[in-house]
There are 4 protein chains.
Amino acid sequence: MSGHRPVPPSAAKGRHFLQIPGPTNVPDRVLRAMAKPVIDHRGPEFAELGRSVLERLKPIFRTKGHVLVFSGSGTSAWEAALVNTLAPSDRVLMVETGQFAVLWREMATRFGLEIDSIPTDWRRGVDPNAVEQRLKQDTRHTIKAVCVVHNETSTGAASRIGLIRKAMDAAKHPALLLIDAVSSLGSIDVRHDEWGVDVSVSCSQKGLMLPPGIGLNAVSEKALAVSKAGGSRRSFLDWQPMLKANADGFFATTPATNLLYALEEALAMFEEEGIDNVYARHDRLAEATRRAVAAWGLENLCLESKDYSSVLTAVLMPDGHNADAFRKLILDRFNMSLGMGLGKITGKVFRIGHIGEMNDLTLAGTLAGIEMGLDIAGIPHQRGGVDAALRYLAETSRPSD
Amino acid sequence: MSGHRPVPPSAAKGRHFLQIPGPTNVPDRVLRAMAKPVIDHRGPEFAELGRSVLERLKPIFRTKGHVLVFSGSGTSAWEAALVNTLAPSDRVLMVETGQFAVLWREMATRFGLEIDSIPTDWRRGVDPNAVEQRLKQDTRHTIKAVCVVHNETSTGAASRIGLIRKAMDAAKHPALLLIDAVSSLGSIDVRHDEWGVDVSVSCSQKGLMLPPGIGLNAVSEKALAVSKAGGSRRSFLDWQPMLKANADGFFATTPATNLLYALEEALAMFEEEGIDNVYARHDRLAEATRRAVAAWGLENLCLESKDYSSVLTAVLMPDGHNADAFRKLILDRFNMSLGMGLGKITGKVFRIGHIGEMNDLTLAGTLAGIEMGLDIAGIPHQRGGVDAALRYLAETSRPSD
Amino acid sequence: MSGHRPVPPSAAKGRHFLQIPGPTNVPDRVLRAMAKPVIDHRGPEFAELGRSVLERLKPIFRTKGHVLVFSGSGTSAWEAALVNTLAPSDRVLMVETGQFAVLWREMATRFGLEIDSIPTDWRRGVDPNAVEQRLKQDTRHTIKAVCVVHNETSTGAASRIGLIRKAMDAAKHPALLLIDAVSSLGSIDVRHDEWGVDVSVSCSQKGLMLPPGIGLNAVSEKALAVSKAGGSRRSFLDWQPMLKANADGFFATTPATNLLYALEEALAMFEEEGIDNVYARHDRLAEATRRAVAAWGLENLCLESKDYSSVLTAVLMPDGHNADAFRKLILDRFNMSLGMGLGKITGKVFRIGHIGEMNDLTLAGTLAGIEMGLDIAGIPHQRGGVDAALRYLAETSRPSD
Amino acid sequence: MSGHRPVPPSAAKGRHFLQIPGPTNVPDRVLRAMAKPVIDHRGPEFAELGRSVLERLKPIFRTKGHVLVFSGSGTSAWEAALVNTLAPSDRVLMVETGQFAVLWREMATRFGLEIDSIPTDWRRGVDPNAVEQRLKQDTRHTIKAVCVVHNETSTGAASRIGLIRKAMDAAKHPALLLIDAVSSLGSIDVRHDEWGVDVSVSCSQKGLMLPPGIGLNAVSEKALAVSKAGGSRRSFLDWQPMLKANADGFFATTPATNLLYALEEALAMFEEEGIDNVYARHDRLAEATRRAVAAWGLENLCLESKDYSSVLTAVLMPDGHNADAFRKLILDRFNMSLGMGLGKITGKVFRIGHIGEMNDLTLAGTLAGIEMGLDIAGIPHQRGGVDAALRYLAETSRPSD
């Protein structure tokens, strides 16, 4: 629509396959909802919208507590979690599961937190035993928070937060539990209350199937109490004025109204499908993807099945082949975006997102693009990945009721 | 959006694959263009729109003559062709290539025309020799028009209009040549001027990638002259007042403005891709589809390669299996619509549309849905259809320049 | 969005006021509904849509009978009414209330009907007595139909169809009653069943607040019976195959699916507001408009209050001033489209549409544009038109419940 | 679209008039642009989008320097300005021009800044002399920044930033100059470079005519240098990683892609109209509004014409009348939102926004709604406000070239 930029090269290429692990493909009905005219953010119609989305977000986190919605990205939601609950010099325990864990740690460092870091090989989830050991060593309870990434979007390994909670309980440690649920929320089960999570951090553009622009915090009473008494200097991301305004359906600062329209529509879609059905769909698409990867003879970055992520699958490139060159070829030939390797695995993996508005046929198209790309790029592999996925999908397909 | 109907069952099923041979998948940018506010159909802004679309449609028909745009369906465009050029009792030669040829013939009968019909087995295009023979027999030139379907959407067989023109010339017969270019326009090459076509009939929802609601006629000077002197009683579909209004960019009756917005956007997409590239894309997707069908061991309704259609492929069901039950299963399981068998082949074939907004990955998804459906339905077939298609697509894939 | 046309001059001019008496301003929620992806017109989801709109249109016509929806304009719906019920040489009685009556008569002539025409001065509705007299003279009942325009969009005079029915009954004449409800449907009360109308003709872009592209017929059992037995040669607009397909929610030819989406949304809006409230709103806006016209010292083309139209007001220009120059100035200065004078009153009147998505403030803007235009153009008038309208609107304003 | 909320009461009320001073009415073409599918924020198509908007924003700020775009509200952009340039205990000079100045000061306090505050009566802009005096007293240059609100959205008084720069220069004071250009950007002239502004803070939902969700900073080289060396703890809002990513058209964290689509479209509209024409349009609409207010005999909160804002007009309610009750009546009767009084003038003023997608007729509708509201509410006033505005608009109307 702009007179200044040339037509994007994809104009003649048909529908784009956005198979990065977020932003995900946004349903067209969500896009249309977002195109509604802006309304007065202090008027009665807005109050209904605000109350609707704030209330209906709770089941997605499986919480009866508070969910806060900020204009911002997932990064801002990370920051909100830290600055509301932790003060400079506070000690936190983090587990380096991958690049997003690294980035969150860097953020914590910037806010003056002291980090105890548990390393990993970036090919697995958090080891609850390791957490338990560290916490037990912290007999004086100087660790104020445990920060873990629920689904590590850079590696395709998920951590079992329930076991981490058990580890914390076993260590009888009072630290807060903060989780990055950025790519897990709406994708795989997040049980904020049951798992005793204090802050779940998420955002709009992953499992919620929205455009980016909204950051989310689900917050426990314990975290709220900590926040009232302390935390870091903050203003825009402060929970207190936001919660006060939210009580009437309003926001402390001008909200991103049109993204709230989109959110309301996406929440309606979750309610229509049923959240357990959403998760089952993602699980099934993920398993089909892994079968394709195995059939190609390629290696899943995530080593053990207990850590497999239903959000994305990161695939290791055979030696001597660059993942980014491969991704570029796929984009050029098949109008599909795959996720790049991040941080220390740049160029070594590509990531396949399989959440959001996905069904059997869009997954089939996705895997077909990869299989053809492997062929064209001359990357050593066996054929039959798509076929293996289709067999699994056909076997597990069920009629609608 | 309506409060009265339940949420459609496909709400939880991800993106719909609309793989009937029209209406085809409409690009989202076309849908957004269609959502622009209505303007005064007698004002200067409209005149620019009208001139733009009327002029830019011509290259799609490969004509320098007139293209007329009516509010209506392809059926109304058929009717416009007949009532503007033929009077009751006029004799026309038609070839029964399939159900759409049958329907056009029925329409002609309703307008009192006398029909000479050449039968076929519904598995091939028009035989130019047969046309030539009939015309040669008509030494008194009582046949006023030859009406043929360019691409028979019910069977997936295309006719070679250039050879039919040669046959008419060889017979030295002055009949008008009217073609149904409903599913061919924008899908495969239509050469209105070069082939000496007098009326090319088409509409919006096939190769043009628009929603239904617009009927089209491209008209030769010869047809125009006939129209001025005669034809049948008519009003809404009369060419003369329409052409008069079109001269200034306006329409004789209130036009479907928003579909013209959509048309303008679709024409821009044709210009960006290049019409020959559009056709080459359709040819390639069609060949991949046929390879899948062959690999499955299923039979293409269209018997000979010279008649193969790049618009759609009609697939014969093995004996004892009903195509509509199969289509229903595919819709239920995979949220994909396939074309039904029409007329005398109801239940015996399903049709795969492969035009419009299609690329390699959406075709892969389409074929994957069929292959899984064959498996689930227990229809005798060999695996490997998708694989055969992917091999062909990969082999013939080229980098964008 | 097209790369070929310059940005329309109104790009920098803010929201357009489309105050022609149709197409009317389309609510943005209707435009968004129209932008939904196309679905299979032979599938189960479509059947629900089809049934929904066909059923929910009936209360708008206040009929329990059939409503038919065609792809086409209002002109095609006029034609459908004529060709389904009348045969060449049939005699019909028409009343020339204005330009649309003239055009409908011309259409009737083209289909070979013989017309008895009652003239008027184009400043009033149909005189029921005149109809009664003519019918009484037709003792042999050679007149097969009475065709009248309910709301004459060219003059702003409405006819009282109930009185015309009484006149026909008083004359004990069996002719069919066909009415043009093009601009009255959804704008002012149309009582198809109560008034004994046989065919009510309408379309999408007036009171229904849709883009153009749909023609409508509401049809009595009597008209249906006549249609089965006779009528003119026809195909696309034939009622019988359409009604047969409609029984299952489908259409005889490919329907304009996206306009049906829009229709469904507009029908939801009618149901939300309540049709009587819609009419009351239009009546009030029309009265405010007339008060403005009177305050300006200008003359309403419609002479008597019993004929006043709540759809539009046609205003006579003072001698020596051309309405089209005035309209052009208004469009240029204020980005508002007013209706032109049609036929023999071209240049002599401008028409103000006040139906569709209109409220007090958009009417105020409309009248303000006219008052400023009168001032700038130097057209003799008194100030105070807007003020008179605002006083009336304020006096009659009521809180929402 | 949601199944859970009742239809908003405005559904039957026609087009909403969003006449708060932001969010403003968003052009429908901007809303449609925002509905485009999300793309990979790390891909080549995004890079073009990113470069386009970052470059084309510069002329709106009249800067050759850097403009930063954050996901967030205007509040986050305030925060970015503070935390990038100032450290806890730094002293800043602020002028309390109204509620937004108060809120910015509160934010500064939360970040540990020490505030020198110059009070006002909330009815005028910043007094450059007062700034000069304070700075001259600060002989040791302990004041690190002067923070002023360019256009005080709570009062409708604009400050002359050029004069403040002169005052700072006259005082030979090295403090940074930070301005809140939230409602001025794109509304009235902002001359970032010429006025020597170090940080201009703005956002999307005011003069830029976008939905909320984007915060903006334009930054001088001096501010950048300060930022590199110091500032407060920060992460999400840190300029450095953002500028580094921006160099290639990307963003440091996932950007609000769809709001960038909207931004690109809005920038195209600015380029089409010409930014000086935009400002002239706003000036003219503002003057018309003030004439209406004066004719009603009501009082503009802003006392002196040198401070008049072309963005909004705040109107004092006569004693004994509550502005919020009046606003509620207007919303209920006329579907128009007016701005509420904020902070210490709550209930005492209502604010009329006259920027964004506004033209003569939408302003006329706006003023008509207020005049009718005054009448219905029984608020003492003289009639004739709309009339005075229309006279002025007609007198100053010019044909388009």
Side-chain angles (χ1 to χ4, degrees), chain A residues 1-5 8-10 16 18 20 23 25-26 29 31-43 45 48-49 52 56 71-76 79 88 107 110-112 203 205 211-213 232-236 253-259 264-265 267-268 271 331 337 340, chain D residues 1-5 8-10 16 18 20 23 25-26 29 31-43 45 48-49 52 56 71-76 79 88 107 110-112 203 205 211-213 232-236 253-259 264-265 267-268 271 331 337 340:
Chain A
M1 294 183 192
S2 113
H4 286 242
R5 291 195 302 132
S10 61
H16 184 66
L18 183 69
I20 58 176
N25 293 290
V26 177
R29 62 187 270 201
L31 291 170
R32 284 194 305 277
M34 191 169 58
K36 288 191 285 189
V38 185
I39 53 174
D40 181 4
H41 57 299
R42 292 181 173 121
E45 188 175 338
E48 283 193 56
L49 170 67
S52 164
R56 291 158 74 189
S71 263
S73 71
T75 306
S76 74
E79 183 166 318
M107 174 183 275
R110 301 187 84 179
F111 283 104
C203 57
Q205 76 272 19
S232 299
R233 293 189 197 282
R234 63 195 182 272
S235 178
F236 177 60
T253 62
T254 311
T257 303
N258 294 57
L259 286 165
E264 187 173 47
E265 187 72 11
L267 290 169
E271 292 160 5
L331 177 60
S337 296
M340 66 191 307
Chain D
M1 293 184 191
S2 115
H4 287 241
R5 292 198 300 132
S10 62
H16 184 66
L18 183 68
I20 57 176
N25 293 291
V26 176
R29 62 187 271 201
L31 291 171
R32 284 193 307 276
M34 191 169 58
K36 289 191 284 189
V38 184
I39 53 173
D40 181 5
H41 56 299
R42 293 182 173 120
E45 188 174 340
E48 284 194 56
L49 170 66
S52 164
R56 292 158 76 188
S71 264
S73 70
T75 306
S76 74
E79 183 166 317
M107 173 184 276
R110 301 187 83 178
F111 283 104
C203 58
Q205 76 271 18
S232 299
R233 295 189 197 283
R234 64 195 182 272
S235 179
F236 177 61
T253 62
T254 310
T257 303
N258 294 57
L259 286 165
E264 188 174 46
E265 188 72 13
L267 290 169
E271 291 159 6
L331 177 61
S337 295
M340 65 192 305

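First the proteins, then the strands, lettered A, B, ... as listed; each starts at 1. Atoms considered below: every heavy atom in the structure, side chains included; atoms not considered: hydrogens, waters and symmetry mates.
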**OP:** With a 4.5 Å cut-off on heavy-atom pairs, point out which of A:Cys203, A:Gly213, A:Pro255 contacts chain D the most.
**Re:** A:Pro255
**OP:** Can you see which heavy atom on A:Pro88 is nearest to which on D:Arg233, and at what distance?
**Re:** CG-NE, 3.6 Å
**OP:** Tell me, please, which residues at least two apart from A:Ser235 pass side-chain contact (heavy atoms from CB on, under 4.5 Å).
**Re:** D:Glu79, D:Met107, D:Arg110, D:Phe111
Original post:
If every non-hydrogen atom of D:Lys36 is compared with every non-hydrogen atom of A:Leu31, which pair is closest and at what distance?
Top reply: O-CD2, 3.8 Å
Original post:
Measuring from A:Ile20:CD1 to D:Arg42:CZ, what's the distance to the nearest 0.5 Å?
Top reply: 7.5 Å
Subject >> Heavy-atom side-chain contact between D:Pro211 and A:Val38 under 4.5 Å >> reply: yes
Original post:
Which region of D:Val26, side chain (C-beta onward) or backbone (N, CA, C, O), has a non-hydrogen atom less than 4.5 Å from a non-hydrogen atom of chain A, or is it both or neither?
Top reply: side chain
Original post:
Is there side-chain contact between D:Ser337 and A:Ile39, with heavy atoms separated by less than 4.5 Å?
Top reply: no
Original post:
Is there a side-chain contact between D:Thr257 and A:Pro212, using heavy atoms and a 4.5 Å cut-off?
Top reply: yes
Original post:
For chain D, which of A:Pro37, A:Gly74, A:Ser76, A:Gly43 has the most heavy-atom pairs under 4.5 Å?
Top reply: A:Ser76
**OP:** Considering only heavy atoms and a distance below 4.5 Å, find which of A:Thr253, A:Leu267, A:Leu259 pairs most often with chain D.
**Re:** A:Thr253
Original post:
How long is the span from the CG atom in A:Asp40 to the CG atom in D:Leu331, to the nearest 0.5 Å?
Top reply: 8.0 Å
Subject >> Minimum heavy-atom distance A:Ser71-D:Ser73, with the two atoms named >> reply: CB-N, 4.0 Å
